[in-house]
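When a residue number appears, it is its place in the shown sequence, counting from 1. Since the model is a prediction, treat every value here as computed from it, not as a measurement.
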Amino acid sequence: MKRSNPRVSTAASIKRLTAYEGEYNLYEMTVNYDYDLDALIGEAARDDQTFTDAAVAQALPGISVKAAPPSFGCSAFCAETDGAVLTGRNYDFKEDTSALLVRTHPKDGYASIAFACLNNLGANEADRSIEKRAATLLAPFACLDGVNVMGVSIAVLTLDSEPVDQHAKAEAINTALAIRLVLDRAATTQEAVELMGRYDMHAMAGRDYHFFINDESGDSVVVEYDMLDPARRMTVTPAREITNYYALYADRVKPNQVNGEFGHGKERALAIAAILDAGDVTADAAWAALRASSQVPNPEDITSNTQWSVVYDNTNRTARFVQRRHWGDTFVFTLD
């Protein structure tokens, strides 16, 4: 019996889950081919185009596909209920996008579910053509948040500082690789921090970023690269909620204004904190916090326009998802 090509079966697994008016919808995909994460770590990660070419070569050997480096906005928080540790996340970006749920089961790593921005892959209508389906095969390297089978979640958020580009270590990772590295290989928040600390960091797409990481114990931190340090050393700051400002310098950030390189969006973090501090933390409170910190479109603000909202249950390894502020239309995904 002839075995199916794993890339073909991956492309064939793409399903559209919503039928919203317009081209922006929710899709899901199961990655059946074996990617080599270690082959992407190193010199390729120091340059966006070189990395994209290397990722394309893995996902689509022998095929030319144009893909843009990912962009990242957002709010994120950790909420501990009586029965579970939850991670809430709004992905905010001014350019509209479809979303793709990406299931991965790496042979030498942890299974995970994560979400990718299909606009970054030029495939908002992922099931429209063979070419669009082929482009989505890059999705393992374009995820913006997720949770793995060990209960570790990660989300990336943009900052207003100069992009970090370290050159102190032998090998480098970039913004996208950091997410895949943590989901595939970290069993705890501290393991995630240790993994990221092994490598230089290259921030993609001409912007700076930080990472919100949480695990089933509720160990919740923000990983940043200190903009006031000439070496841009990695820092780890415990935090329950964060938006687009430095957790390390939170005392220098005021709400409802841009605070130079220290960032903006503190009013959204304060809105989240007000709800989580108001009483018993429940799943409903987590969703209320996401709604309170969500944003409508603003073409003048790159971190406006909430594209999706998700609550990861780090304890039960699930994701409850809402796209583009369709608050009454919820999808629940589990790790198979």
Side-chain angles (χ1 to χ4, degrees), residues 48 68-78 87-97 117 119-120 144-145 154-166 174-176 178-179 201-213 220-277 289-309 324-325:
D48 289 357
S71 300
F72 321 82
C74 330
S75 308
F77 63 86
C78 168
T87 300
R89 147 54 158 221
N90 282 331
Y91 169 56
D92 304 330
F93 194 65
K94 69 177 183 178
E95 296 181 9
D96 291 335
T97 185
C117 165
N119 192 52
N120 285 334
L144 308 184
D145 51 64
I154 183 170
V156 61
L157 304 88
T158 193
L159 291 169
D160 297 330
S161 42
E162 288 296 312
V164 61
D165 190 22
Q166 296 174 317
N174 58 27
T175 314
I179 298 167
M201 173 59 70
H202 167 74
M204 300 180 72
R207 296 194 62 85
D208 208 18
Y209 310 95
H210 58 184
F211 301 88
F212 185 76
I213 304 173
S220 172
V221 304
V222 180
V223 173
E224 297 169 329
Y225 297 85
D226 186 357
M227 66 174 182
L228 298 185
D229 179 354
R232 296 298 299 268
R233 279 183 281 263
M234 191 180 92
T235 64
V236 181
T237 305
R240 185 184 62 177
E241 62 273 330
I242 193 65
T243 58
N244 305 111
Y245 63 89
Y246 266 87
L248 182 63
Y249 297 114
D251 58 338
R252 304 194 193 190
V253 179
K254 295 181 180 180
N256 300 303
Q257 68 178 49
V258 176
N259 301 268
E261 287 198 323
F262 294 108
H264 68 283
K266 195 168 189 179
E267 67 280 356
R268 284 179 274 129
L270 293 175
I272 292 168
I275 291 171
L276 298 184
D277 290 339
L290 286 177
R291 294 190 69 163
S293 57
S294 66
Q295 300 182 83
V296 297
N298 177 358
E300 303 302 318
D301 182 0
I302 194 171
T303 61
S304 68
N305 196 12
T306 300
Q307 298 296 327
W308 69 69
S309 304
R324 294 168 57 78
R325 305 178 301 281

**Student:** Locate the shortest heavy-atom distance separating E224 from Y245; write the atom from each residue and the value.
**Tutor:**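 Shortest heavy-atom contact: OE2-O, 3.9 Å.
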**Student:** Please report the C-alpha distance between L276 and R240 in whole Å, then the side-chain angles of each, then the deciding distance to 0.1 Å, and finally whether the side chain to side chain contact (heavy atoms under 4.5 Å, CB included) criterion is met.
**Tutor:** CA-CA 10 Å; L276 298 184; R240 185 184 62 177; 3.7 Å; yes
**Student:** Is there side-chain contact between F212 and L157, with heavy atoms separated by less than 4.5 Å?
**Tutor:**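 Answer yes - side chains close enough.
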**Student:** Starting at CG of N120, measure out to CD of E95 and round the result to the nearest 0.5 Å.
**Tutor:**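 Between atom CG of N120 and atom CD of E95 there are 8.0 Å.
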**Student:** Is I242 close to S75 at the side-chain level, that is, under 4.5 Å between some pair of heavy atoms?
**Tutor:**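 Sidechains of I242 and S75: no contact.
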**Student:** Under the side-chain hydrogen bond (donor to acceptor under 3.5 Å, both in side chains) rule, what do S293 and N90 come out as? Steps first, then yes or no, please.
**Tutor:** CA-CA 8 Å; S293 57; N90 282 331; 3.1 Å; yes
**Student:** For R207 and T158, does a side-chain donor sit closer than 3.5 Å to a side-chain acceptor?
**Tutor:**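 Yes - a donor-acceptor pair under 3.5 Å links their side chains.
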**Student:** Find out whether L228 and Y249 are in side-chain contact, i.e. whether some heavy atom of one side chain is under 4.5 Å from a heavy atom of the other.
**Tutor:**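 With C-beta onward as the side chain, the pair touches.
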**Student:** Which of parallel (below 30°), tilted (30 to 60°) and perpendicular (above 60°) describes Y91 and W308?
**Tutor:**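 If you compare the ring of Y91 with that of W308, the planes turn out tilted.
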**Student:** Taking all atoms of both residues into account, what is the closest heavy-atom pair of Q257 and K254, and its distance?
**Tutor:**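 Smallest heavy-atom distance, with atoms named: CG-O, 3.6 Å.
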**Student:** Rounded to the nearest 0.5 Å, how far apart are OG of S220 and CD1 of I213?
**Tutor:**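 So the gap between those two atoms works out to 9.5 Å.
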**Student:** Give me the atom names and distance for the closest heavy-atom approach of R325 to P297.
**Tutor:**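 Closest approach of R325 to P297: NH2-CD, 3.6 Å.
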**Student:** I'd like to know if the side chain of S161 pairs up with that of D208 as donor and acceptor (distance under 3.5 Å, no hydrogens or angles considered).
**Tutor:**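 Result is yes, a qualifying pair exists.
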**Student:** Which pair of non-hydrogen atoms, one from I154 and one from A178, has the smallest distance, and what is that distance?
**Tutor:**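 Where I154 meets A178 most closely, the heavy atoms are CD1-O, 4.1 Å.
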**Student:** Would you check if M234 and V223 make a side-chain contact, meaning some heavy-atom pair closer than 4.5 Å?
**Tutor:**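 Result yes, sub-4.5 Å side-chain heavy-atom pair found.
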**Student:** Report the distance from atom CG of D92 to atom CG of D301, rounding to the nearest 0.5 Å.
**Tutor:**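 D92 CG to D301 CG: 8.5 Å, rounded to 0.5 Å.
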**Student:** With a 6.0 Å cut-off on the ring centroids, do Y246 and F262 count as close?
**Tutor:**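 Distance test on ring centres: not under 6.0 Å, no.
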**Student:** If we only count heavy atoms from C-beta on, is the R233 to D226 side-chain gap below 4.5 Å?
**Tutor:**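 No, side chains not in contact.
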**Student:** Check the pair L144 / R89 against side chain to side chain contact (heavy atoms under 4.5 Å, CB included), numbers first and verdict last.
**Tutor:** CA-CA 10 Å; L144 308 184; R89 147 54 158 221; 3.5 Å; yes
**Student:** Passes side-chain hydrogen bond (donor to acceptor under 3.5 Å, both in side chains), N305 versus Q295? Steps please.
**Tutor:** CA-CA 5 Å; N305 196 12; Q295 300 182 83; over 6 Å; no
**Student:** Could you check D165 against R232 for salt bridge (charged side-chain N to carboxylate O under 4.0 Å, His left out), going step by step and ending with a plain yes or no?
**Tutor:** CA-CA 8 Å; D165 190 22; R232 296 298 299 268; over 6 Å; no
**Student:** Go through the steps to decide whether V221 and T237 satisfy the test side chain to side chain contact (heavy atoms under 4.5 Å, CB included), and finish with yes or no.
**Tutor:** CA-CA 5 Å; V221 304; T237 305; over 6 Å; no
**Student:** Do the non-hydrogen side-chain atoms of M227 and E162 ever get within less than 4.5 Å of each other?
**Tutor:**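 No, every pair of side-chain atoms sits at 4.5 Å or beyond.
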**Student:** For the atom pair NE2 (H210) and OG1 (T235), what is the distance rounded to the nearest 0.5 Å?
**Tutor:**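 Reported to 0.5 Å precision, the distance equals 10.5 Å.
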**Student:** To the nearest 0.5 Å, how far apart are CZ in R268 and CD in E241?
**Tutor:**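 Reported to 0.5 Å precision, the distance equals 12.5 Å.
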**Student:** Could you check whether any side-chain heavy atom of H202 comes within less than 4.5 Å of a side-chain heavy atom of T175, counting everything from C-beta outward?
**Tutor:**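 Result no, sub-4.5 Å side-chain heavy-atom pair not found.
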**Student:** Main chain of A205, side chain of D48: is a donor-acceptor contact present, judged purely on distance under 3.5 Å?
**Tutor:**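 Side chain of D48 to backbone of A205, a donor-acceptor pair under 3.5 Å: yes, one is there.
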**Student:** Working note: V156 + I179, criterion side chain to side chain contact (heavy atoms under 4.5 Å, CB included); need CA distance, chi angles, decisive distance, verdict.
**Tutor:** CA-CA 8 Å; V156 61; I179 298 167; 3.6 Å; yes
**Student:** To the closest 0.5 Å, what do you measure between CG (N298) and OG (S304)?
**Tutor:**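 Going from CG on N298 over to OG on S304, the span is 4.5 Å.
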**Student:** Can you check whether G265's main-chain N or O pairs, donor with acceptor, with T243's side chain at less than 3.5 Å?
**Tutor:**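 Present.
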**Student:** Keeping the roles fixed (side chain from R324, backbone from T306), state whether a donor-acceptor pair exists under 3.5 Å.
**Tutor:**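 Pair absent, no side-chain N/O of R324 close to backbone of T306.
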**Student:** Do H264 and D160 meet the criterion of a side-chain donor-acceptor pair at a distance under 3.5 Å?
**Tutor:**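 The answer is yes; a qualifying pair exists.
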**Student:** Closest approach of L290 and S309, non-hydrogen atoms and distance?
**Tutor:**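 It is CD1-CB, 4.0 Å.
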